[in-house]
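Input: a single structure, listed below in structure tokens.
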Number of protein chains: 2
Amino acid sequence: MKMSGGVEWALHCAFALTAADHPVSAARLAEMHDVSASYLAKQLQAMSRAGLVRSTQGNLGGYELTRPPSRITVLDVVEAVDGPTPAFLCTDVRARGPLAASPEACRTPCAIHRAMTAADEAWRASLRSVTIADLAAQVTGEHGRGVLDGVRNWFNAAP
Amino acid sequence: MKMSGGVEWALHCAFALTAADHPVSAARLAEMHDVSASYLAKQLQAMSRAGLVRSTQGNLGGYELTRPPSRITVLDVVEAVDGPTPAFLCTDVRARGPLAASPEACRTPCAIHRAMTAADEAWRASLRSVTIADLAAQVTGEHGRGVLDGVRNWFNAAP
DNA sequence: AGAGTTCCGGACAAGAGTTGTCCGAGTTGC
DNA sequence: GCAACTCGGACAACTCTTGTCCGGAACTCT
Ligand code: SF4
Ligand code: SF4
């Protein structure tokens, strides 16, 4: 039961991109968070593949959000980076062994499977109910607007 | 985001032990489910360490539930086998890099952390709301009482 | 058009975590 | 007392994640 550690980086990047009016390069984001640039690039590529960020190449290129942050949920980022595969995957144990259930009884998912998928769905629903904009609002409400402004200024500063 | 595959085996074992009036050895449970006996033993040991099952050694020894199945939740089994560590673990990113937040601002968990822990708690609550007895009731309600009786008879049969 | 950035995608090694197996310690029944 | 059976934890093999790297394509500025 372990989630990819890159999810946190991706969330922090999504939050930081909220305060950007420029495309921001991956190297800049990595420098800001003091993490491996090569590995962060991989996470950003995953987000790009999921359609969360748009990437522009070239001299002033970089990443920027494709939608307003109020339309990007935390679940979007988690699924983009960590994969949409549910945590619990069945091996169809009940169909094996000397007491194997009849194949017809295995048409519907069993009680264990249902309980696990229900829990997984609850987890996803909780993650889907909070957006990147909500995160930014919480941060500014607690630590003031200076945080976002500081990020924006740092993005606009020369490399 | 992957859960240990042994969780499924452990849940199946807990369900099967519901229908046992004897202690059942790990080898028997493994034969019943057609899985690796040595590895299943490890899961049962974890459950024993968590206090879910009691193990008696010796000739007629084996595992049996310590409480009535209505007092054992699915979350108990999952945490016993997969570990109680939450899926999301922080690296304290906001305290690093050139824009590191002040140490005093890091006293309280940030918005991202709160969202993740809330989702994790929702997942756990969903798993905690269903007990092993509920699983057994669902199975008998769908496939009849013969399933439990078949398991019990197979347990009582000679090796 | 040319040079200089920058992203993209995949290939590649290192590390951690999981999966699976084994044998010794201890207990029970005869 | 003895023998057989059990659990328990220690031990490798394996898979997946983490992290790195490079060549190619695209874009901007001169
Ligand atoms: S559907 Fe139920 S019985 Fe079949 S593998 Fe999944 S948990 Fe086991
Ligand atoms: S508490 Fe927030 S800022 Fe700190 S490491 Fe966790 S997610 Fe990142």
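Residue numbers begin at 1 in each chain, while the letters A, B, ... track the order of the sequences.
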request  = Would you mind building the protein contact string for nucleotides 3-8 of chain D? One character per nucleotide, 5' to 3', B for base within reach (heavy atoms under 4.0 Å), S for sugar-phosphate only, - for untouched.
outcome  = --SSBB

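Checked for salt-bridge contact, A/R128 and A/E121 meet the test: a charged N lies under 4.0 Å from a carboxylate O. Salt bridge B/R96/A/E8: absent, no basic N to carboxylate O contact under 4.0 Å.
Within a 6.0 Å sphere centred on CZ of A/R145, heavy atoms belonging to other residues, nucleotides or ligands number 12 at most. Residue B/R71 places its CZ atom among 12 or fewer non-hydrogen atoms of other residues, nucleotides or ligands, all under 6.0 Å distant. Residue B/R54 places its CZ atom among 12 or fewer non-hydrogen atoms of other residues, nucleotides or ligands, all under 6.0 Å distant.
A/H22 has its NE2 atom 14 Å from the P atom of D/dT28, to the nearest Å. Separating the CZ atom of A/R54 from the P atom of D/dC27 is a distance of 12 Å, rounded to the nearest angstrom.
Side chain to side chain, A/D120 and A/T117 fail the donor-acceptor criterion of an N or O pair below 3.5 Å.
Remark: B/E64 engages no residue in a side chain to side chain donor-acceptor pair (under 3.5 Å) (not counting sequence neighbours).
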Which atom pairs link the protein and nucleotides 15-20 of chain C when you take only N or O atoms and keep those under 3.5 Å?
residue	atom	partner	partner atom	Å
C/dT19	OP1	B/G5	N	3.1
C/dT19	OP2	B/S4	OG	3.0
C/dT19	OP2	B/Y39	OH	2.9
C/dT19	O5'	B/Y39	OH	3.4
C/dG20	O6	B/K42	NZ	3.2

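Counting heavy atoms from C-beta outward, B/V93 and B/I112 have side chains that stay 4.5 Å or more apart.
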